[in-house]
Amino acid sequence: MPAKAARGATLLSPALLSPALLSPALLIAKKRDGQRLTSEQLQQFVDGFMQGYVADYQMSAFLMAALLNGLDDRETSALTDIMLHSGSVLALPSVKRYKIDKHSTGGVGDKVSICLAPLVASCGLAVPMISGRGLGHTGGTLDKLEAIKGYNTRLNAQKFERVVREVGASIIGQTPELAPADRRIYALRDVTATVESIPLIVASILSKKLAEGIDGLVLDVKVGRGAFMKTLPEARALARALIRVGKRAGKDVSACITNMDTPLGKTIGNALEVREAIEVVRGEGPADLVEITLALGEQMLLLGGAAKTRAQARALLQRAIDQGQAAQCLARMIAAQGGDGRVVERPQLLPRAPVQRVLHAKKSGRVLDINPLTLGLCAIDLGAGRLRAEQKVDPAVGIELLAQLGDPVKAGQGLMVVHARKEGDAQRALATCIDAFRVGAGPVRKQPLVIERL
């Protein structure tokens with residue numbers, strides 16, 4: 001596949017990093033003191049890091065300075081472009097349809113990509129999607145898809161392009177050739193408490209997404225206890241920064257700020273969430289997951305010119321579900337990537353944990369609150385996620401909600417089912433998760449699923 005050459009391919013001479021021009025320490029000091037860096041200075045620093053002239057501890061110091069003093073839009077755009085071109089940039093020349101992707105900032109029970117990509121592709125757009133693995137309390141799309149027997153998330157560039165061209169959608173993981181500077185820099189951010197910097201988040205997200213060769217991008221910026229952005233001002237600032245920098249790169253970009261104060265859908269865990277995503281494309285999914293999927297699908301169709309109004313976009317998406325095109329596209333994508341496409345018609349083919357235990361309500365009332373962070377961490381403890389990148393996940397384990405926010409329940413009624421590998425794991429999860437539910441007679445605080453569209 002044609003790809004743009006990586007910048008920084010020519011090794012820098014150590015003389016280029018001499019104090020007379022720009023030493024790493026001087027660059028760090030400039031950002032420490034709140035000064036703006038030029039694109040050339042940032043290019044030199046990142047190239048030096050990738051080639052070994054800038055040490056990990058120096059990059060870590062720069063990242064902390066950027067967290068504390070910020071990067072303006074010009075710096076963020078420059079850093080995004082530098083990280084983007086640190087490796088190959090896909091062109092996807094044989095894909096003639098408008099190419100669009102969706103990125104979520106992560107949440108508990110967020111399986112939207114699995115149903116959204118084939119749904120939008122069945123409406124005429126191309127969806128080349130490079131996704132990630134779960135880390136922390138949020139799940140990863142790749143881990144979920146790998147619960148399907150045979151599904152290959154490691155396609156090379158040529159196979160990725162072919163699947164997008166022939167099926168309309170493909171979901172794979174980041175290859176070593178795409179944005180390698182982001183991968184190395186993120187590894188340092190993860191261990192130096194600099195993940196929360198909005199400019200660094202923007203550069204990390206967009207450098208990977210722009211490497212896909214897309215024309216447009218829709219962002220799902222989640223806010224709430226189960227998200228990385230805990231407050232609406234934080235989420236709004238991130239969404240606006242992503243839009244500004246994405247547009248500076250010449251892409252069509254829009255965003256939805258969505259609620260992550262309770263889990264999305266009824267399941268948390270890899271095979272369980274795949275099953276629920278399949279239900280969505282078959283017209284059987286839970287209302288909140290369906291609504292978020294359709295809302296993001298509307299944005300994608302509007303950006304890609306497949307619809308002129310939200311109402312028209314909603315009608316196209318609903319028709320693709322009702323007439324079976326979305327489910328067919330998902331089955332074809334799975335099969336094209338080596339998986340068992342029969343799973344769309346037979347979800348029972350997905351792995352199932354051997355132990356299921358029910359958490360019962362202690363009293364009658366309404367479900368006033370469900371804490372997504374508690375449930376997300378509990379799912380990790382069961383083995384559904386990871387706290388370290390090298391950890392393996394168990395595709396079968398997880399949590400299935402039997403009651404959702406606002407539902408009336410009686411004492412002894414089931415609130416959730418724990419799907420576990422061992423009895424001890426199930427009992428530990430039951431003891432932990434009872435604190436995630438608040439049942440009583442007070443008011444139910446419900447927020448809109450889609451809080452803002454930007």
Side-chain angles (χ1 to χ4, degrees), residues 1 90 92 95 99 101-102 104 109-123 125-134 139-176 178 212 265 267-285 289 293 320-321 324-353 383-386 392-398 400 419:
M1 171 184 300
L90 303 181
L92 306 182
V95 180
K99 298 178 283 292
D101 191 7
K102 182 274 301 182
S104 169
D110 181 6
K111 68 282 292 179
V112 170
S113 291
I114 299 170
C115 40
L116 180 64
L119 174 57
V120 170
S122 66
C123 292
L125 302 184
V127 187
M129 187 175 288
I130 296 177
S131 295
R133 299 193 179 278
T141 299
L142 300 183
D143 298 322
K144 295 166 191 175
L145 285 168
E146 287 178 349
I148 302 171
K149 184 178 180 180
Y151 189 93
N152 183 11
T153 63
R154 300 181 180 182
L155 303 186
N156 61 32
Q158 291 75 24
K159 182 68 178 292
F160 180 55
E161 180 177 3
R162 183 168 68 80
V163 175
V164 174
R165 182 182 67 247
E166 295 179 357
V167 177
S170 178
I171 304 177
I172 64 169
Q174 184 179 2
T175 69
L178 297 180
E212 299 170 337
T267 60
I268 306 166
N270 300 297
L272 294 170
E273 293 191 48
V274 171
R275 185 190 71 191
E276 197 167 47
I278 289 171
E279 290 173 355
V280 172
V281 297
R282 292 174 55 174
E284 304 163 356
L289 178 58
T293 302
I321 292 173
Q325 291 100 326
Q328 292 169 12
C329 186
L330 177 57
R332 291 177 61 215
M333 184 187 80
I334 292 169
Q337 296 190 216
D340 188 348
R342 297 177 303 165
V343 73
V344 176
E345 292 296 327
R346 297 172 58 192
Q348 62 269 28
L349 293 172
L350 290 163
R352 183 174 175 85
R386 55 173 65 82
K392 292 184 178 181
V393 300
D394 186 332
V397 302
E400 184 176 7
H419 295 250

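Predicted model, so just to flag it, every value in this text is computed and none were measured. Positions are given from 1, in the same order as the sequence printed here.
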List the atom of [X], the atom of [Y], and the distance in Å for their closest heavy-atom pair.
X    : Y    : value
V127 : A117 : CG2-O, 3.7 Å
A271 : L350 : O-CD1, 3.6 Å
V163 : A169 : CG1-O, 3.5 Å
G140 : N270 : O-OD1, 4.4 Å
S122 : A320 : OG-CB, 3.4 Å
A157 : L90  : CB-CD2, 3.9 Å

How long is the gap from [atom1] on [X] to [atom2] on [Y], to the nearest 0.5 Å?
X    : Y    : atom1 : atom2 : answer
E400 : L272 : CD    : CG    : 6.0 Å
K149 : E146 : NZ    : CD    : 15.0 Å
K99  : L92  : NZ    : CG    : 6.0 Å
I130 : I172 : CD1   : CD1   : 4.5 Å

* To do: Check the pair I268, E273 against side-chain contact (heavy atoms from CB on, under 4.5 Å), reporting the backbone distance first and the verdict last.
  => CA-CA 6 Å; I268 306 166; E273 293 191 48; 4.3 Å; yes

* Please report the C-alpha distance between Q158 and R162 in whole Å, then the side-chain angles of each, then the deciding distance to 0.1 Å, and finally whether the side-chain contact (heavy atoms from CB on, under 4.5 Å) criterion is met. => CA-CA 6 Å; Q158 291 75 24; R162 183 168 68 80; over 6 Å; no

* side-chain contact (heavy atoms from CB on, under 4.5 Å) assessment of L289 paired with K111 -> CA-CA 8 Å; L289 178 58; K111 68 282 292 179; 3.5 Å; yes

[X] side chain to [Y] backbone, donor-acceptor under 3.5 Å:
X    : Y    : value
K144 : L142 : no
R282 : V344 : yes
D143 : P395 : no

Listing, residues 325-341 side-chain donor-acceptor contacts under 3.5 Å, not counting sequence neighbours, or none:
residue, atom, partner, partner atom, Å
Q325, NE2, Q323, OE1, 3.2
R332, NH2, E166, O, 2.7
Q337, OE1, Y151, OH, 3.3
Q337, OE1, S170, OG, 2.6
Q337, OE1, I171, N, 3.3
Q337, NE2, Y151, OH, 3.0
Q337, NE2, N152, O, 3.0
Q337, NE2, I171, O, 3.1
D340, OD1, R342, N, 3.1
D340, OD1, R342, NE, 3.0
D340, OD2, R342, NE, 3.3
D340, OD2, R342, NH2, 2.8

* Asked: S113: what forms a side chain to side chain contact (heavy atoms under 4.5 Å, CB included) with it, not counting sequence neighbours?
  ->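 Once residues adjacent in sequence are excluded, the partners of S113 under the side chain to side chain contact (heavy atoms under 4.5 Å, CB included) criterion are K102, M129, T141.
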
* Asked: Are the side chains of V112 and S104 in touch, meaning some heavy atoms are under 4.5 Å apart?
  -> no

